[in-house]
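Numbered from 1 within each chain, the chains take letters A, B, ... in sequence-line order.
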4 protein chains.
Amino acid sequence: MTGTARSKRADARRNEQTLLDAAAAVFVSSGVDAPVRAIAKKAGVGMGTIYRHFPTRADLIVAVYRHQVEACVEAAPRLLREAATPYAALTRWVDQFVDFLATKHGLAGVMQSSSADFEALHKYFLERLVPVCAELLTAAVESGEVHQHVEAYSLMRGIGNLCVFADGDARYDPGRMTRLLLAGLTQPDLADPG
Amino acid sequence: MTGTARSKRADARRNEQTLLDAAAAVFVSSGVDAPVRAIAKKAGVGMGTIYRHFPTRADLIVAVYRHQVEACVEAAPRLLREAATPYAALTRWVDQFVDFLATKHGLAGVMQSSSADFEALHKYFLERLVPVCAELLTAAVESGEVHQHVEAYSLMRGIGNLCVFADGDARYDPGRMTRLLLAGLTQPDLADPG
Amino acid sequence: MTGTARSKRADARRNEQTLLDAAAAVFVSSGVDAPVRAIAKKAGVGMGTIYRHFPTRADLIVAVYRHQVEACVEAAPRLLREAATPYAALTRWVDQFVDFLATKHGLAGVMQSSSADFEALHKYFLERLVPVCAELLTAAVESGEVHQHVEAYSLMRGIGNLCVFADGDARYDPGRMTRLLLAGLTQPDLADPG
Amino acid sequence: MTGTARSKRADARRNEQTLLDAAAAVFVSSGVDAPVRAIAKKAGVGMGTIYRHFPTRADLIVAVYRHQVEACVEAAPRLLREAATPYAALTRWVDQFVDFLATKHGLAGVMQSSSADFEALHKYFLERLVPVCAELLTAAVESGEVHQHVEAYSLMRGIGNLCVFADGDARYDPGRMTRLLLAGLTQPDLADPG
DNA sequence: TATGAATGAGCATTCATTCAT
DNA sequence: CATGAATGAATGCTCATTCAT
């Protein structure tokens with residue numbers, strides 16, 4: 001009995017992983033808005049299977065990226081310990097996030113979408129990442145490295161945006177751009193030119 | 001005959017302006033992805049008329065925003081003359097561009113898109129703006145204000161990205177973000193934390 | 001110009017009639033819930049054409065049956081004038097309505113549905129028919145022929161129900177049943193058997 | 001062995017009752033068209049179990065309502081004995097049937113349906129009830145109370161129809177309507193108004 | 001040249017039914 | 001025998017695009 005249940009669960013889990021892999025692949029090539037049919041086809045399953053495992057698209061997207069988001073969350077304390085300074089930790093943390101996000105076609109957009117369909121996704125990303133970012137940011141302010149005030153939410157949004165449409169364009173380097181953005185934070189004051 | 005032809009052309013021009021005004025209005029309320037039908041209705045013309053004047057959506061979007069893009073292009077020399085420094089000119093130029101872009105629901109996204117559908121749009125924006133941006137950037141480098149090397153193309157893309165999904169989110173300020181990005185350019189060196 | 005417009009309108013009108021005929025035919029064979037695709041196919045048009053002419057299913061159903069409903073509405077005064085008594089007028093009016101309704105597979109059901117989708121339909125049928133029925137009923141009460149009190153709404157619902165699933169069953173005669181129902185109204189009192 | 005078999009059968013019966021109770025509950029809240037999944041969930045069993053016990057939905061519906069249908073069947077002789085007259089017995093019998101049917105969301109509709117899916121259901125209801133109704137009707141004719149000729153089949157269909165869409169509409173009373181229908185049967189003659 | 005009716009591909013979603021475990 | 005995961009047909013609806021008038 002337990003054996004049967006266990007093997008079924010194992011099957012389902014295996015299948016779920018197949019789904020997540022397929023979805024990840026399709027998201028890369030067609031964006032996170034890719035047709036459910038396309039994902040199902042890639043995974044070699046029926047559409048119903050997708051809906052069974054992930055009732056909403058937001059659920060699927062969260063599931064696809066959860067590991068990497070959690071990895072970001074978990075990386076922060078370590079970076080804060082290991083990096084030379086809080087600002088260095090922030091920089092490396094942002095690097096990691098950018099490495100994750102830059103190739104996820106459309107994720108940045110949907111991650112901050114206010115559409116009801118993506119409510120859960122929006123919440124998940126922000127709830128997990130904003131506090132971590134805030135911690136790093138605060139530490140960097142307190143260490144005297146960051147002089148500009150920016151809300152963690154706003155910074156995350158900016159970083160997310162810098163990653164939009166980044167894949168497939170060799171001439172655009174989101175990592176470089178985020179580094180510059182962070183460098184801007186260290187500026188004592190921004191002269192007002194107008 | 002000439003008179004008729006002339007007045008016909010005048011008619012056509014008037015007509016086209018009506019179209020552009022209508023499109024601009026609809027773009028504001030429904031984004032640049034708004035159904036052609038909606039634009040035609042707003043303009044009080046048939047859909048065929050829109051297709052006649054603007055075969056692709058990219059053509060229409062370019063036409064709608066051409067004036068403002070050209071205004072950006074033309075503003076650069078003046079800013080370079082009038083601003084206290086080249087960097088100040090660059091900053092004010094970027095401000096102007098952001099003011100334009102940030103409120104155009106969906107424009108930033110579509111402008112950056114590498115989708116074949118928006119090829120023309122993408123090209124137009126970059127062809128017009130990148131050289132101007134390059135000029136300002138070069139001047140700011142030469143004045144010793146900007147220390148970081150960045151291609152104008154890359155910077156334009158970054159600025160454009162910072163404007164994505166900006167409207168409707170009171171907590172995110174694309175102007176502030178672009179200022180920080182530009183501030184990053186003035187940094188003598190970016191310590192490598194990893 | 002007028003000519004062109006006129007011919008277009010004529011085309012559209014012709015087309016609309018084709019649509020209504022097709023819908024009526026499909027409603028008979030498959031009920032008023034028939035797939036839009038089926039109606040479109042029967043009419044030899046694309047689905048979009050259906051949606052263009054009749055944005056909601058309720059709109060389509062109303063359009064299909066409007067003539068007959070209006071015929072019922074208009075018949076009442078004449079019947080009241082011509083029939084021997086108000087009760088006779090009521091009877092003949094109900095006969096006419098039953099003749100209309102009995103073959104309209106599913107119409108009775110949807111006509112009284114409280115579903116939001118059929119709101120318009122529901123309202124149309126009841127707003128048109130209940131007042132007429134009330135008039136006939138009142139007259140028959142005042143003439144001393146009808147002794148049982150029944151709201152016109154309730155009677156219409158009952159008559160409608162008696163027509164459900166009537167087509168295709170030779171052994172069930174909704175006309176006969178409604179006659180009996182009406183005959184019940186003339187009864188001075190209903191003994192209470194329990 | 002016998003003991004095991006017996007207890008297995010007892011188990012099965014218990015199980016089946018659980019299913020029926022669950023189905024009845026779901027039918028009340030979601031109608032007799034409720035998804036199989038919902039019923040299985042309510043019963044705490046897999047969907048396969050439902051299919052094993054009741055291969056078609058009609059089988060399930062029949063099983064759910066069999067007791068009440070049989071109660072109707074069995075009530076007739078008693079009513080015929082106890083009621084003041086055969087017509088009174090008929091009236092009370094119909095009342096009982098209406099009380100049963102009117103609150104079974106969708107049952108009346110499906111019971112009357114000639115759809116192949118519900119063939120078995122349709123047949124069961126009519127085969128059980130028509131003979132009983134015929135008996136009551138004949139008695140009432142013979143007692144001189146009923147003057148109108150109606151086949152029991154036709155009457156049952158009419159009564160069933162009067163119960164359609166009855167729940168959820170406070171302004172429609174199927175009991176009242178069936179009483180009127182029966183009252184119509186007592187009428188000596190129906191004048192032909194045309 | 002302008003109009004807008006018509007087309008139909010494309011996508012989301014639900015659920016009856018089957019069958020491997 | 002029971003379970004419930006998987007399948008995929010069915011259906012509603014939108015909108016870009018074409019083309020007869």
Please report, rounded to the nearest Å, how far the P atom of E:dT18 is from the CZ atom of D:F54. 17 Å

Side-chain donor-acceptor pair under 3.5 Å between D:D59 and D:T56, yes or no? yes

So which one's nearest nucleotide on DNA chain F is more toward 5', B:V36 or A:G46? A:G46

Provide the Watson-Crick or G-U wobble partner of F:dA20, both distances under 3.5 Å; none if there is no partner. E:dT3

I need the CG-C1' distance between B:D33 and F:dT14, as an integer number of Å. 14 Å

Pick the nucleotide of DNA chain E nearest each of C:V45 and A:P55; which residue has the one closer to the 5' end? C:V45

Protein-nucleotide distance (B:I39, atom CD1; F:dA16, atom C1'), rounded to Å: 12 Å

Between B:H53 and E:dT1, is there a side-chain N or O to OP1/OP2 distance below 4.0 Å? no

When you compare the side chain of C:V36 with that of C:R57, does any pair of heavy atoms fall below 4.5 Å? yes

Is any side-chain heavy atom of B:V32 closer than 4.5 Å to one of B:F118? no

Does the side chain of B:R57 get closer than 4.0 angstrom to OP1 or OP2 of F:dA16 through an N or O atom? yes

Is there a side-chain contact between B:L60 and B:I39 in this structure, where contact means two heavy atoms from C-beta onward sitting under 4.5 Å apart? yes

Does F:dG4 have its OP1 or OP2 closer than 4.0 Å to a side-chain nitrogen or oxygen of A:R52? no

Separation of B:D117 atom CG from E:dG10 atom P, in whole Å? 14 Å

Distance in angstrom units between D:E16 CD and F:dA2 P, rounded: 11 Å

F:dG12 base to C:R37 side chain: any donor-acceptor pair below 3.5 Å? yes

By nearest nucleotide on DNA chain F, pick out whichever of D:M47 and C:P35 is the more 5' one. D:M47

According to the interplanar angle, ranging from 0 to 90°, do the rings of A:F27 and A:Y65 count as parallel (below 30°), tilted (30 to 60°) or perpendicular (above 60°)? tilted

Please give, in whole Å, the distance from E:dT17 C1' to D:L60 CG? 15 Å

Check whether any side-chain N or O of C:T49 sits under 4.0 Å from OP1 or OP2 of E:dA5, and answer yes or no. no

Protein-nucleotide distance (B:Y51, atom OH; F:dC15, atom P), rounded to Å: 12 Å

In whole angstroms, the gap separating C1' of E:dA16 from CZ of D:F118 amounts to 12 Å

